Protein chains: 2
Amino acid sequence: MFPIIRADSPVPIFEQIERYWVFRIATGHPQPGEFLPSVRKLAQKLLIHPNTVVNAYEQLEGAGIITARRGVGMEVTMEAPGICKKRREEMVKLRLQEILAESTQGGMSPTEILRLLRVEIKTREDNKA
Amino acid sequence: MFPIIRADSPVPIFEQIERYWVFRIATGHPQPGEFLPSVRKLAQKLLIHPNTVVNAYEQLEGAGIITARRGVGMEVTMEAPGICKKRREEMVKLRLQEILAESTQGGMSPTEILRLLRVEIKTREDNKA
DNA sequence: ACAGGTGTACTAGGTAGATAGAACACTTGG
DNA sequence: CCAAGTGTTCTATCTACCTAGTACACCTGT
């Protein structure tokens with residue numbers, strides 16, 4: 001239910017939280033009108049400082065994905081699903097581009113990347129079963 | 001020839017440099033016995049501080065990929081190609097795993113990731129031609 | 001010998017991210 | 001009304017990373 005946070009990742013925690021909700025809302029949960037977990041609750045759940053959650057939520061609010069309702073919570077906007085779907089695809093594309101750039105620059109072929117991805121997907125499926 | 005550095009990336013510059021040489025050496029250039037560009041030259045080329053290059057080279061030396069030769073330069077070791085090939089595959093795998101974890105956690109299917117990767121590869125090929 | 005290139009080491013300062021703790025403003029339900 | 005929950009704001013501190021500048025130790029070709 002709650003995002004998996006890696007403190008050792010070079011990606012800032014607040015950004016990991018932001019990305020998580022973009023992906024979730026793009027998928028349909030939570031829907032417009034529903035609320036995100038409160039700043040304090042999420043902070044407690046993730047064992048991080050509330051201010052870090054505030055930081056993440058401010059990013060989402062700035063993008064028009066949620067609106068802050070004092071004394072109530074952070075409400076998912078009507079436009080959120082559309083915005084998040086676009087952003088999600090953009091984010092995945094950017095990551096893939098980074099891998100491709102780094103790999104080809106280092107002399108690795110795109111075909112090899114494709115093969116590794118297929119292997120990873122199969123490994124994940126096997127671990128599930 | 002020289003690595004492309006993104007100062008705005010969450011990945012530290014010294015780590016970007018480190019990754020670059022791992023990929024290059026895994027591919028066969030430079031070879032064992034050859035030298036990496038000097039701390040000062042690379043720093044000048046990348047418009048960064050020499051200390052940052054030192055940091056990157058220390059990582060490579062710690063991994064047994066290069067040996068520092070005072071007054072001469074940083075020499076690629078005999079074991080470097082083997083080490084770098086392993087590390088390169090590990091690094092790409094880790095990146096792919098991160099994307100898969102984030103995406104599936106957010107409700108995106110692995111098949112969709114595969115499709116996006118194919119699109120990106122094709123786009124890159126088209127841009128070349 | 002020496003000049004110019006190498007790696008190495010050190011102190012200092014700046015920024016971004018995260019933490020810590022406190023205080024304030026608002027809404028809701030009892 | 002008021003207690004408990006919400007979002008908001010603030011100062012302070014810590015760490016990692018990068019920059020800046022300097023100095024030192026070493027090797028090589030002339």
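Everything numeric here is computed off the predicted structure, so don't read it as measured data. Here is how names work: the chains are called A, B, and so on, in the same order as the sequence lines, proteins then strands, and each is numbered from 1.
- With sequence neighbours excluded, no residue forms a salt bridge (Lys or Arg N to Asp or Glu O under 4.0 Å) with A:Arg118.
- Counting atom types as modelled, A:His49 pairs a side-chain N or O with a base atom of C:dA20 as donor and acceptor under 3.5 Å.
- Within the 4.0 angstrom heavy-atom criterion, no nucleotide atom of any strand lies near B:Tyr57.
- No single ILVMFWY cluster, assembled from side-chain heavy atoms under 4.5 Å apart, contains both B:Ile65 and B:Phe14.
- Within the helix from C:dA1-D:dT30 to C:dG30-D:dC1, the inter-axis angle between the opening and closing five-pair segments is 10°, rounded to 10°.
- In this structure, A:Ile5 places its CD1 atom 15 Å from P of C:dG17, rounding to the nearest Å.
- By the salt bridge (Lys or Arg N to Asp or Glu O under 4.0 Å) test, A:Glu120 pairs with no residue at all, sequence neighbours left out.
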Pairs under 3.5 Å (N/O, protein and nucleotides 13-16 of chain C):
none

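- Across the protein-nucleic acid pair, A:Leu46 atom CG and C:dT19 atom C1' stand 15 Å apart, rounded to whole Å.
- Contact check for B:Glu102 versus A:Tyr20: no side-chain heavy atoms found under the 4.5 Å cut-off.
- Between A:Trp21 and A:Pro30, the shortest heavy-atom contact is CZ3-CD, 3.9 Å.
- A side-chain hydrogen bond (donor to acceptor under 3.5 Å, both in side chains) check over residues 56-68 of chain A, counting only residues at least two apart or in different chains, returns the pairs A:Asn55-A:Gln59.
- The number of heavy atoms from other shown groups lying within 6.0 Å of CD (B:Glu15) is above 12.
- Listed by chain and residue number, A:Arg40, A:Lys41 satisfy the side-chain contact (heavy atoms from CB on, under 4.5 Å) test with A:Ser38 (two or more places apart in sequence, or in another chain).
- At a non-hydrogen distance threshold of 4.0 Å, A:Arg70, A:Gly71 from residues 63-71 of chain A come into contact with DNA chain C.
- Think of B:Val11 as one node in a network of Ile, Leu, Val, Met, Phe, Trp and Tyr side chains linked at under 4.5 Å; it has no links at all.
- Taking atom CD on B:Gln44 and atom C1' on C:dG5, their separation rounds to 13 Å, with Å as the unit.
- The nearest whole Å value for the distance from the CZ atom in A:Arg6 to the C1' atom in C:dA18 is 19 Å.
- In this structure, A:Asn55 places its CG atom 16 Å from P of C:dA20, rounding to the nearest Å.
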Which atom pairs, one a donor and one an acceptor, fall under 3.5 Å between side chains of residues 80-94 of chain B and the rest of the protein, sequence neighbours left out?
unit_1, atom_1, unit_2, atom_2, d
B:Arg87, NH2, B:Glu18, OE2, 3.0
B:Arg88, NH1, B:Thr27, OG1, 3.2

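- Computed from coordinates, the A:Arg40 CZ to C:dC24 C1' distance equals 11 Å when rounded to whole Å.
- Close approach of DNA chain D to chain A, defined as any atom under 4.0 Å from a non-hydrogen atom of the protein, starts and stops at D:dG5 to D:dC10.
- Rounded to an integer number of Å, the gap from CG of B:Asn51 to P of C:dA12 is 15 Å.
- Checking A:Val72 against A:Val11, the closest nucleotide of DNA chain C that is more toward the 5' end is the one next to A:Val11.
- Put simply, B:Ser38 has a side-chain N or O that comes within less than 4.0 Å of OP1 or OP2 on C:dT6.
- Side chains of B:Leu114 and A:Leu114 form a contact here, defined as non-hydrogen atoms less than 4.5 Å apart.
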Can you check side chain to side chain contact (heavy atoms under 4.5 Å, CB included) on B:Val22 and B:Leu60, steps first, answer last? CA-CA 8 Å; B:Val22 169; B:Leu60 293 170; 4.0 Å; yes

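- Listed nucleotides: C:dT27, C:dA18, C:dT8. Nearest to the side chain of A:Pro12: C:dA18.
- Residues that satisfy the salt bridge (Lys or Arg N to Asp or Glu O under 4.0 Å) test with A:Glu112, not counting sequence neighbours, are A:Arg115.
- Under the salt bridge (Lys or Arg N to Asp or Glu O under 4.0 Å) criterion, A:Arg6 pairs with no residue at all, not counting sequence neighbours.
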